[in-house]
Each structure stands twice: as C-alpha cells, then as structure tokens.
*Asks:* 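This structure is in structure tokens; I'll ask about it shortly.
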Amino acid sequence: MTAPTHQLPADRTPDPAAPVPAQRSHAPAPAGQQTDPERWPDIVTRPRTSRARTAVAERIVRRALAKLPLRARLGGVADIGLGGPLMDIRDPDAFFGRIGASGLIGFGESYMAGEWDAPDLVAVLTVLADNAAELVPAPLQRLRSLWALRKPSAQLNTPEGSRENISHHYDLSNDLFALFLDETLSYSSAVFRGFPAEQALLPAAQHRKIDRLLDVAGVREGTRLLEIGTGWGELALRAAARGARVTTVTLSAEQRELARTRIREAGFADRVEVRLCDYRQVTGDYDAIVSVEMIEAVGEEFWPVYFQTLDRLLAPGGRVALQAITMPDDRLRASRSTYTWIHKYIFPGGLLPSTEAIERVTTEHTRLRTAQRIGYGAHYAETLRLWRERFTERSAEVDALGFDAVFRRMWTFYLAYSEAGFRSGYLDVQQLLLTREPTQPETP
C-alpha cells in the first residue's frame with residue numbers, strides 16, 4: 001500500500017534523512033496524553049521557512065484551489081474554488097507555511113496537526129488527485145530537481161535497509177491491523193462481485209482475490225510454491241489447502257509470528273514454512289511464485305534484482321503471479337526520486353512501478369514476459385473505504401492500544417489519500433501473469 005508521489009515545491013531546510021517520528025520504535029505512548037514533541041517533532045514545531053517562500057507557496061496554492069471543483073474555506077471566512085467538497089483551512093498561516101517549507105509533506109503534516117480538515121476527506125483528496133499533474137505550474141514542474149526533497153540514502157532497500165523499512169510499517173502492532181482488517185488479515189485489494197462493497201462480504205472478496213492469483217499461478221496438489229511477502233499468512237493457508245507445499249518469506253518479525261500461529265492452528269504446519277529472510281536470500285526451485293503488493297517496497301534500484309530473483313527461482317514451465325499497485329509511467333518518471341509524506345510517515349523506501357516499467361525491467365534483465373494483465377483499481381478504492389470506515393469506528397480501541405490522536409489522524413489521512421488515488425484513476429492495481437520466454441535454439 002502506498003499513494004501518489006506528486007510534490008509541491010519543498011524547502012531544503014528540513015533534513016530528509018532526519019529520524020522519522022518516534023512511533024518508529026513501535027512503543028505507543030499512553031492514550032490521552034498531549035502530543036509528544038519527541039515522537040512528532042515536525043507536528044509540534046512548524047518548520048522554519050522564509051516569508052518569501054511562504055508567499056510563493058500561498059500564491060501557487062490559492063491559484064490552484066481557485067480552479068478546482070471544491071470549496072476551500074480560509075480561516076472560517078473566505079471561500080475559494082469552483083464549488084464542491086469543503087476543505088476547511090482553519091489556520092491559513094500555518095497551512096501555507098508548512099507547504100512553503102516542505103510541499104506535500106507539509107500538506108499532510110498540516111492535516112496531522114489539525115490545521116485543516118474536511119467533512120469528506122476522500123472527496124477533497126480525490127479532486128486534488130484528479131488534477132495532480134496541473135497543481136504545480138509547468139515551469140516549476142520542469143525545475144523539480146532543484147526544489148524537490150530527495151529520498152534519504154538511509155531508506156535505500158538494501159537487505160539491511162529493507163528490514164528497517166518493512167519493520168517501520170508492518171511491525172507497528174498486529175493488534176492495530178486486526179482492528180481494521182477483516183478476519184482473513186489480508187492487507188491488499190480484494191475483488192468484489194459488485195459495488196458498493198459491504199464489510200460482511202470483505203472476507204469472501206479477499207479469498208476471491210487470493211484464489212484468482214493461485215489459479216493464475218497454476219497452484220494445485222503437489223505444487224512447490226514460493227510466496228514473497230507473507231503478510232499474516234492467508235494466501236499460504238489457501239495454497240496449503242489445495243495441497244501445495246509452500247515456502248513463504250517475510251521481513252516482518254511480527255507478521256511471521258502470527259502467520260506461523262495461524263498456520264499451525266489450521267493444521268498446515270507440515271505444508272508451510274515461514275522464513276524470516278530477504279527475497280534475495282531465497283534458494284531452490286519452485287513451480288509457482290506468488291507475490292502480493294510487495295514490489296512496491298522493492299525500490300527502483302532493485303527492480304532488476306527482484307525480477308532476476310524470480311527468474312532464477314522459477315522451475316522450467318513455472319508461472320509467476322503478481323499483484324502490484326501501479327501509477328502512470330509519466331508520473332513515475334517525474335517523481336521517482338522525490339521524498340514524500342508517504343515515505344516519511346508510512347512506507348519508507350517505497351515506490352510504485354508503472355506497467356511500462358515492469359515491461360522494461362523484465363525485458364532488459366530477465367527471460368520473464370507478461371502473459372496476462374488485469375486491472376481493478378475500483379476494487380481497491382472500495383477495499384480502502386471499508387478499512388477506513390472500520391478504523392474510524394474503532395478509534396477508541398486504537399486509543400486503548402496506546403496510539404495517540406496524531407497517529408489516528410496520520411493513519412486516516414493515509415487511508416483516505418490512498419483511496420482517493422484509486423477513485424481518481426491516478427492509481428491502479430494489477431494482477432499479472434509472468435512466464436519465462438522459451439530459449440531459442442541456436443541456428444546451425
């Protein structure tokens with residue numbers, strides 16, 4: 001899971017390699033306490049920036065908002081925009097100052113700080129996502145390399161960096177994820193029979209997604225299956241129930257512990273091995289490889305290694321089934337090195353591929369070729385809506401786990417931001433079948 005990476009001009013004063021807020025330690029603060037400046041330094045203290053930079057940011061943002069189908073209310077007084085969902089900017093000075101200092105990182109932090117809000121947050125963010133390519137004037141877009149914050153080297157997805165990046169998100173708390181996911185603990189897009197989706201149908205929709213992937217990969221009795229990215233074990237359970245012998249790998253210690261428990265309790269401990277290791281360390285020969293929304297955490301620098309690893313591990317005649325969140329290729333090219341709010345707070349080191357990027361990498365570095373591709377972004381929008389609604393409904397239980405109000409606003413923004421990406425069509429989710437191109441016999 002991740003979200004659009006477009007960015008407004010960012011000040012270079014903040015250090016992108018500075019430690020992220022202390023929820024990274026995965027030790028939540030007691031519920032009900034005041035905002036912790038050590039945990040949320042950039043929320044408690046506004047970043048410093050020049051008046052000139054703030055004025056430029058305000059001018060750009062006002063001009064952009066005036067052309068959009070929404071109502072931006074500034075300080076409870078003036079409305080700008082063409083009409084539509086309300087964006088209530090309660091503290092305009094703080095709002096424009098944060099954007100002047102750090103672009104869309106500041107935009108998200110301003111929401112976390114309560115400086116702006118919206119009765120329908122997804123609707124506002126969908127309008128912005130719909131117009132992402134035009135929010136920043138073309139001259140500034142061309143100068144992105146001069147103003148956009150760069151990804152910190154600490155987030156590079158080396159084997160060591162990947163462990164830290166994955167732990168930042170997935171080792172927060174199994175109990176937290178259980179509060180808003182359904183009983184399958186599936187943290188990826190479901191496939192529904194129709195819309196609008198309903199909470200009661202989410203488990204079946206998640207099984208439908210998993211079964212489609214297993215069918216595409218040809219998983220059946222006796223299949224030697226490799227899963228890259230265990231999650232909490234639901235796909236491994238479904239594959240084992242078909243009679244497959246499953247090796248599944250994860251970098252999350254929290255996920256591995258719970259997945260092993262679930263697999264053991266289901267009676268499949270003899271069919272499923274859950275390894276705590278990097279995909280690059282896997283050895284063996286597999287009839288099928290499945291990976292669900294894991295490529296987003298690989299990093300562009302390591303896409304060739306990722307696909308070469310799939311190629312190396314796949315037995316002759318084998319099949320690879322991937323589920324991947326994708327973005328348009330032109331937006332990938334424009335934003336591939338930009339440091340964003342998502343990187344800082346949610347998914348360090350992440351980058352969404354485009355379908356074209358996958359084709360380029362597999363063609364240039366492997367014998368794998370895309371044999372089938374199906375997109376269903378609207379299903380992800382509905383999945384995210386169900387997660388967001390359940391997270392909101394269970395806010396008291398989130399508090400009881402020790403996560404504070406800033407964390408709840410951060411997580412709400414993340415889920416809404418992601419949903420808006422799919423509702424606008426800025427994001428898509430694909431299921432892909434990769435097969436190995438047959439070796440051509442040499443001509444005598």
*Asks:* Show the nearest heavy-atom pair for residues K344 and I105, with the distance to one decimal.
*Replies:* CD-CG2, 4.0 Å

*Asks:* Would you mind checking if D399 and R408 are paired as a salt bridge, meaning a charged N to carboxylate O distance below 4.0 Å?
*Replies:* yes

*Asks:* Hey, is CZ on R220 packed in by over 12 heavy atoms from elsewhere, all under 6.0 Å?
*Replies:* no

*Asks:* Scan R260, E273, E227, R256 and name whichever one has a side chain to side chain donor-acceptor pair (under 3.5 Å) with T248.
*Replies:* E227

*Asks:* Could I get the full list of salt bridge (charged side-chain N to carboxylate O under 4.0 Å, His left out) partners for E382, not counting sequence neighbours?
*Replies:* R385, R423

*Asks:* Quick one: closest heavy-atom pair of A357 and D329, and the distance?
*Replies:* N-OD1, 4.0 Å

*Asks:* Taking the basic N atoms (NZ, or NE/NH1/NH2) and the acidic carboxylate oxygens, is any pair closer than 4.0 Å for E221 and R242?
*Replies:* no

*Asks:* Please name the residue in the list Y414, W411, Y187 that meets the ring pair (Phe, Tyr, Trp, His ring centres under 6.0 Å) test with W387.
*Replies:* Y187

*Asks:* Does CZ in R373 sit with more than 12 non-hydrogen atoms of other residues, nucleotides or ligands closer than 6.0 Å?
*Replies:* no

*Asks:* Please report the closest heavy-atom contact between V429 and Q323, naming both atoms and the distance.
*Replies:* CG2-CG, 3.8 Å

*Asks:* Using the rule given for side-chain hydrogen bond (donor to acceptor under 3.5 Å, both in side chains), can you reason through S291 versus Y279, listing the C-alpha separation, both sets of side-chain angles and the distance that settles it, and then say yes or no?
*Replies:* CA-CA 11 Å; S291 189; Y279 67 91; over 6 Å; no

*Asks:* Could R98 and F107 be counted as a cation-pi pair, given that NZ or CZ must be under 6.0 Å from the ring centre and within 45° of the axis?
*Replies:* no

*Asks:* Apply side-chain hydrogen bond (donor to acceptor under 3.5 Å, both in side chains) to residues S173 and D175 and explain how you reach the verdict.
*Replies:* CA-CA 5 Å; S173 164; D175 292 335; 4.6 Å; no

*Asks:* Please report whether the ring centroid of F422 lies less than 6.0 Å from that of H379.
*Replies:* no

*Asks:* Does E359 come within less than 4.0 Å of R369, counting only side-chain N to carboxylate O?
*Replies:* no

*Asks:* At their closest point, which heavy atom of A240 faces which heavy atom of V272, and how far apart are they?
*Replies:* CB-CG2, 3.7 Å

*Asks:* Under 3.5 Å, is there a donor-acceptor pair linking the side chains of E419 and Y380?
*Replies:* no

*Asks:* State, yes or no, whether a side-chain contact exists between R319 and V290 at a heavy-atom distance under 4.5 Å.
*Replies:* no

*Asks:* Measure the spacing between CG of L313 and OG1 of T247 and express it to the nearest 0.5 Å.
*Replies:* 10.0 Å

*Asks:* To the nearest 0.5 Å, tell me how far I325 CD1 sits from S188 OG.
*Replies:* 8.5 Å

*Asks:* side-chain hydrogen bond (donor to acceptor under 3.5 Å, both in side chains) for Q430 and Y376? Distances and angles first, verdict last.
*Replies:* CA-CA 6 Å; Q430 316 268 346; Y376 55 101; over 6 Å; no

*Asks:* Which of parallel (below 30°), tilted (30 to 60°) and perpendicular (above 60°) describes F413 and W341?
*Replies:* perpendicular

*Asks:* Can you name the nearest heavy-atom pair linking V249 to C277, along with the distance?
*Replies:* CG1-SG, 3.6 Å

*Asks:* Look at atom CD of E257 and say whether more than 12 heavy atoms of other residues, nucleotides or ligands are closer to it than 6.0 Å.
*Replies:* no

